[in-house]
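Everything numeric here is computed off the predicted structure, so don't read it as measured data. Just so we're on the same page: letters track the sequence lines, and every chain starts at 1.
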Amino acid sequence: MTQKQKALSKEEEILLQDFSRNVSTKSNALFYGNAFIVSAIPIWLFWRIHFMDLLTSSPLFLIITCLSTYLVSFAYKKTKFVLKHKVAVKREDAISREISKMIAEDKKMNKKEKDERVLWKKNEVSDYEATTFSIFYNNAVFLAVVIGLSFFILKSFSPSFNYILSVGLSSGLIALLSTGTK
Amino acid sequence: STCSSPSLSSTSFTTQDGTILTNIAYVSQFKLTCDGEVADIPLYAEVGGKPLSVVKSKETNSYVVSWLEETKKAPRGNFEIKVYDDEGYAAVRKAQRNGEDTSSVQPLGVVILNHPGAYNGPWINSELAAVIVAFGVLYYALTTKTKLEA
């Protein structure tokens, strides 16, 4: 009875991981690290090109960067969750074929174990692909919107206002778009 | 005072970078020798029918002629600066008053100034190039996402 429970809970664990919105610590660190770097990039832009003084504007830079880091990593997590299932569906066949080929000679493995392996591999692959694509996609949108806003639409505003609005609106926009349930 | 066997040697300077300027400067510095000796006579200059004042530097015994043109209209190429002495210039003014062709008056000498053209900034400015690249990457990201969700 306890062994069955253990086996079930392992499968349940994989399924939970698959459907859970919670990200692992490693993914979390990856997301926050990337979000921080991407949020810090506009500082260089505003310092060197819009001539904002680094020292006097540093409190503003810090606050906006922290806010943006939070919103960008929120967008990463949401986008990753939505994409993970789409990726899993797309990659399922290829992964099944690969696992079947790998364990074809191993006659000791029963169907249940094979399915478990396929499920685990599918989870791993779709997790990785969704994570990396989520980071790429959100970074692309964020940076394109920041450049578009700061150089063209908010050009006539003062640099500080330009910075607050362009970074704030961009990170807000990607956070908002990521909550879409397509 | 007249100058016999005049000989002119010159160096010229023109603005090469017109990115943030409204006018291009043309400057010609020349030395006049009469009979092998450095001359100290007042001179007058004319470029393309336009009279110019000639300034003389006491220390270096050289004459300087300069004028400005708007960057957009500034022509490039060779400019002939006709140098006249008192007599020559009086003859030019007389011909102008009478409506005659001033090229009939022989100048003391002709200084050639060459303007190779000035740089007026890049064809696409950098923020436009950055936006084009950023939106190109965005387009690729959007199309890949659409394919994934299909």
Side-chain angles (χ1 to χ4, degrees), chain A residues 38 41-42 44-46 48-51 75-76 78-92 125-156 159 162 166 170 173-174 177-178 180-182, chain B residues 11-29 64 66-77 113-150:
Chain A
V38 160
I41 286 171
W44 180 83
L45 194 77
F46 280 84
R48 298 304 293 267
I49 295 170
H50 294 273
F51 296 116
Y76 284 158
K78 295 290 173 213
T79 314
K80 178 209 160 172
F81 177 75
V82 168
L83 282 176
K84 194 170 167 180
H85 297 286
K86 309 267 164 88
V87 170
V89 164
K90 277 202 147 57
R91 308 284 177 241
E92 191 164 14
V125 164
S126 56
D127 194 85
Y128 177 73
E129 196 174 332
T131 303
T132 49
F133 188 77
S134 165
I135 293 176
F136 166 66
Y137 175 77
N138 284 299
N139 285 357
V141 179
F142 178 76
L143 291 173
V145 176
V146 164
I147 290 175
L149 281 178
S150 66
F151 283 122
F152 293 94
I153 298 172
L154 303 174
K155 197 165 54 166
S156 50
N162 190 349
S166 53
S170 309
L173 180 72
I174 59 170
L177 288 175
S178 68
T181 50
K182 223 181 357 169
Chain B
T11 47
S12 61
F13 312 92
T14 59
T15 315
Q16 304 285 297
D17 189 340
T19 323
I20 54 166
L21 301 174
T22 51
N23 288 290
I24 301 289
Y26 300 78
V27 178
S28 183
Q29 193 176 344
V64 177
S66 62
W67 74 98
L68 294 173
E69 293 275 3
E70 278 183 35
T71 40
K72 290 199 181 105
K73 294 182 194 163
R76 56 172 76 179
L113 183 151
N114 179 265
H115 174 55
Y119 176 65
N120 280 322
W123 290 323
I124 307 180
N125 53 9
S126 51
E127 60 254 35
L128 187 63
V131 148
I132 290 170
V133 170
F135 279 85
V137 172
L138 176 63
Y139 174 75
Y140 171 72
L142 282 168
T143 46
T144 314
K145 186 165 188 261
T146 318
K147 267 187 226 162
L148 262 180
E149 287 174 343

A.B. asks: What's the verdict on side chain to side chain contact (heavy atoms under 4.5 Å, CB included) for A/Tyr137 and B/Leu142, showing C-alpha distance, side-chain angles and the deciding distance?
C.D. replies: CA-CA 7 Å; A/Tyr137 175 77; B/Leu142 282 168; 3.4 Å; yes

A.B. asks: Checking heavy atoms, do the side chain of A/Leu83, its backbone, both or neither come under 4.5 Å from chain B?
C.D. replies: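 A/Leu83 touches chain B through side-chain heavy atoms alone.
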
A.B. asks: Verify the neighbour count for atom CZ of A/Phe152: are there more than 12 heavy atoms of other residues, nucleotides or ligands below 6.0 Å?
C.D. replies: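 Counting other residues, nucleotides and ligands, CZ of A/Phe152 exceeds 12 neighbours.
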
A.B. asks: Which region of B/Thr144, side chain (C-beta onward) or backbone (N, CA, C, O), has a non-hydrogen atom less than 4.5 Å from a non-hydrogen atom of chain A, or is it both or neither?
C.D. replies: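 When you check distances to chain A, atoms from both the backbone and side chain of B/Thr144 fall under 4.5 Å.
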
A.B. asks: What is the distance from atom NZ of B/Lys145 to atom OG1 of A/Thr79, rounded to the nearest 0.5 Å?
C.D. replies: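 Going from the NZ atom of B/Lys145 to the OG1 atom of A/Thr79 covers 6.5 Å.
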
A.B. asks: Side chains of A/Phe136 and B/Tyr140: does their closest heavy-atom pair fall under 4.5 Å?
C.D. replies: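 With C-beta onward as the side chain, the pair touches.
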
A.B. asks: Between B/Leu148 and A/Glu129, is any pair of side-chain heavy atoms under 4.5 Å apart?
C.D. replies: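 B/Leu148 reaches A/Glu129 side chain to side chain.
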
A.B. asks: Taking only residues at least two apart or on different chains, which pairs with a member in residues 117-137 of chain B satisfy ring pair (Phe, Tyr, Trp, His ring centres under 6.0 Å)?
C.D. replies: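 Those involving residues 117-137 of chain B do not exist here.
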
A.B. asks: Quick one: closest heavy-atom pair of B/Lys147 and A/Lys90, and the distance?
C.D. replies: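 Reported closest heavy-atom pair: O-NZ, 3.2 Å.
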
A.B. asks: Please state whether the side chain, the backbone, both or neither of A/Ser150 comes within less than 4.5 Å of a heavy atom of chain B.
C.D. replies: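 When you check distances to chain B, no heavy atom of A/Ser150 falls under 4.5 Å.
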
A.B. asks: Going from CG on B/Leu138 to CD1 on A/Ile147, what distance comes out if it is rounded to the nearest 0.5 angstrom?
C.D. replies: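 Going from CG on B/Leu138 over to CD1 on A/Ile147, the span is 10.5 Å.
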
